[in-house]
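This one's a predicted model, so the numbers in the text were calculated from it and none came from an experiment.
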Amino acid sequence: DPSQSGTWAYTCGGFHLLSALVESVEAGYLVGADRQRVVDRLLLLARRIPWELQFRVAQEQRAVSAGISPRRAARHAVLARMKLAGHGLDVLGRSRAVGVLTLEQAAKAAQSCRNASKQIIARFLMEVDPQGLLLSPQTEAVDPQTWERALGDGCHLLRGLAVWYSVSQK
């Protein structure tokens with residue numbers, strides 16, 4: 001419930017809202033105390049990301065222990081971590097690019113996202129979807145929610161990696 005948990009209660013964990021706030025700072029709409037509130041939220045996000053990435057691993061293990069199919073638990077965990085790492089790299093990269101956060105402020109969380117990205121990609125290709133069926137027209141027809149989630153979360157990860165590494169080259 002967003003009224004109780006603020007931005008963290010949204011499905012995307014508030015990443016889209018924080019992304020919009022970063023762009024608002026860059027455009028000059030948020031200055032002074034308002035800009036500092038954005039910085040404070042981003043610093044909280046940077047502390048939260050490594051924890052949440054690890055939480056998703058533990059959540060997968062709990063699901064399997066509770067009798068959920070290991071394949072299904074892996075798919076859900078990989079897609080959740082994919083979205084989280086992608087959003088994280090995107091917001092942290094844009095925050096660095098526009099001068100809202102320094103490299104030092106974003107480094108630990110970004111490193112967690114980059115490390116998770118390597119694991120996510122390997123697990124997705126080798127374990128979760130080795131035949132490439134999640135993004136097939138058949139999956140789209142039979143299980144559009146899973147297809148859309150795999151496509152969307154994959155796009156988030158690709159965008160996050162692109163944004164982070166484009167900033168790193170500067």
Side-chain angles (χ1 to χ4, degrees), residues 1-60 62 75-124 134-135 144-170:
D1 178 12
S3 66
Q4 300 294 316
S5 301
T7 57
W8 317 130
Y10 292 96
T11 305
C12 67
F15 282 98
H16 291 245
L17 176 62
L18 290 168
S19 181
L21 290 171
V22 168
E23 300 305 325
S24 296
V25 168
E26 182 191 30
Y29 297 124
L30 299 173
V31 296
D34 291 331
R35 182 185 192 285
Q36 188 57 49
R37 286 180 65 203
V38 173
V39 170
D40 292 344
R41 288 292 158 253
L42 290 168
L43 292 173
L44 179 59
L45 175 74
R47 289 193 313 271
R48 192 184 107 217
I49 289 172
W51 176 87
E52 194 164 333
L53 285 165
Q54 190 55 44
F55 172 79
R56 298 296 178 196
V57 171
Q59 190 178 39
E60 177 184 1
R62 283 192 302 275
R75 183 179 73 228
H76 285 287
V78 166
L79 292 176
R81 292 181 86 218
M82 186 180 287
K83 179 178 7 183
L84 179 61
H87 276 105
L89 288 170
D90 186 3
V91 172
L92 293 168
R94 284 298 297 153
S95 296
R96 276 190 57 214
V98 303
V100 178
L101 291 181
T102 66
L103 174 59
E104 294 74 27
Q105 291 171 318
K108 181 179 177 186
Q111 186 62 49
S112 292
C113 291
R114 290 194 317 271
N115 291 344
S117 297
K118 293 174 190 170
Q119 297 165 0
I120 291 162
I121 292 166
R123 283 194 76 199
F124 186 82
L134 280 179
L135 297 176
Q145 187 175 20
T146 297
W147 178 87
E148 185 176 309
R149 184 169 177 213
L151 178 65
D153 294 347
C155 288
H156 278 300
L157 183 59
L158 288 172
R159 176 176 164 76
L161 288 165
V163 168
W164 181 263
Y165 285 111
S166 70
V167 171
S168 297
Q169 301 303 314
K170 296 177 181 178

* Residues which pass side-chain hydrogen bond (donor to acceptor under 3.5 Å, both in side chains) with S112, listed by chain and number, not counting sequence neighbours -> none

* Sequence-distant partners of R35, side-chain hydrogen bond (donor to acceptor under 3.5 Å, both in side chains), two or more places apart -> none

In the structure I gave you, are the side-chain heavy atoms of [X] and [Y] within less than 4.5 Å of one another anywhere?
{"X": "H87", "Y": "H16", "value": "yes"}
{"X": "R41", "Y": "L17", "value": "no"}
{"X": "V39", "Y": "Q36", "value": "yes"}

Could you pull out all residues at least two apart from [X] that satisfy side-chain contact (heavy atoms from CB on, under 4.5 Å)?
{"X": "L84", "result": "F15, E52, L53"}
{"X": "A150", "result": "L79, L134, L135"}
{"X": "V98", "result": "V22, E26, R94, V100"}
{"X": "E60", "result": "A73, A74, A77, R123"}

* Could you tell me which residues satisfy salt bridge (charged side-chain N to carboxylate O under 4.0 Å, His left out) with R47, sequence neighbours excluded, listed by chain and number? => none

* To do: State which residues pass ring pair (Phe, Tyr, Trp, His ring centres under 6.0 Å) with H76; sequence neighbours excluded, sorted by chain then number.
  => none

* Structure fact -> Quick note, ring pair (Phe, Tyr, Trp, His ring centres under 6.0 Å) partners involving residues 19-53, not counting sequence neighbours, are W51-F55

* What ring pair (Phe, Tyr, Trp, His ring centres under 6.0 Å) pairs are there with at least one residue in residues 91-123, not counting sequence neighbours? -> none

* Search all heavy atoms of L42 against all heavy atoms of S95 and return the closest pair with its distance. => CD1-OG, 3.5 Å

Working to the nearest 0.5 angstrom, can you tell me the gap between [X] [atom1] and [Y] [atom2]?
{"X": "L92", "Y": "K108", "atom1": "CG", "atom2": "NZ", "value": "13.0 Å"}
{"X": "L21", "Y": "E23", "atom1": "CG", "atom2": "CD", "value": "10.0 Å"}
{"X": "T102", "Y": "R96", "atom1": "OG1", "atom2": "CZ", "value": "8.5 Å"}
{"X": "I49", "Y": "L44", "atom1": "CD1", "atom2": "CG", "value": "10.0 Å"}
{"X": "S24", "Y": "L18", "atom1": "OG", "atom2": "CG", "value": "11.0 Å"}
{"X": "D90", "Y": "L158", "atom1": "CG", "atom2": "CG", "value": "11.5 Å"}

* Under the side chain to side chain contact (heavy atoms under 4.5 Å, CB included) criterion, do V163 and V91 qualify, and how do the steps go? -> CA-CA 9 Å; V163 168; V91 172; over 6 Å; no

* Candidate pair Q59 and R56, rule side-chain hydrogen bond (donor to acceptor under 3.5 Å, both in side chains), full reasoning -> CA-CA 5 Å; Q59 190 178 39; R56 298 296 178 196; 2.9 Å; yes

* **Within 6.0 Å of CZ in R37, more than 12 heavy atoms from elsewhere** => no

Can I get a per-line list of side-chain donor-acceptor pairs under 3.5 Å for residues 114-122, giving both atom names and the distance, sequence neighbours left out?
unit_1	atom_1	unit_2	atom_2	d
R114	NH2	Q111	OE1	2.2
N115	OD1	Q111	NE2	2.8
N115	ND2	Q111	O	3.4
S117	OG	C113	O	2.7
Q119	OE1	R81	NH1	3.3
Q119	OE1	R81	NH2	3.4

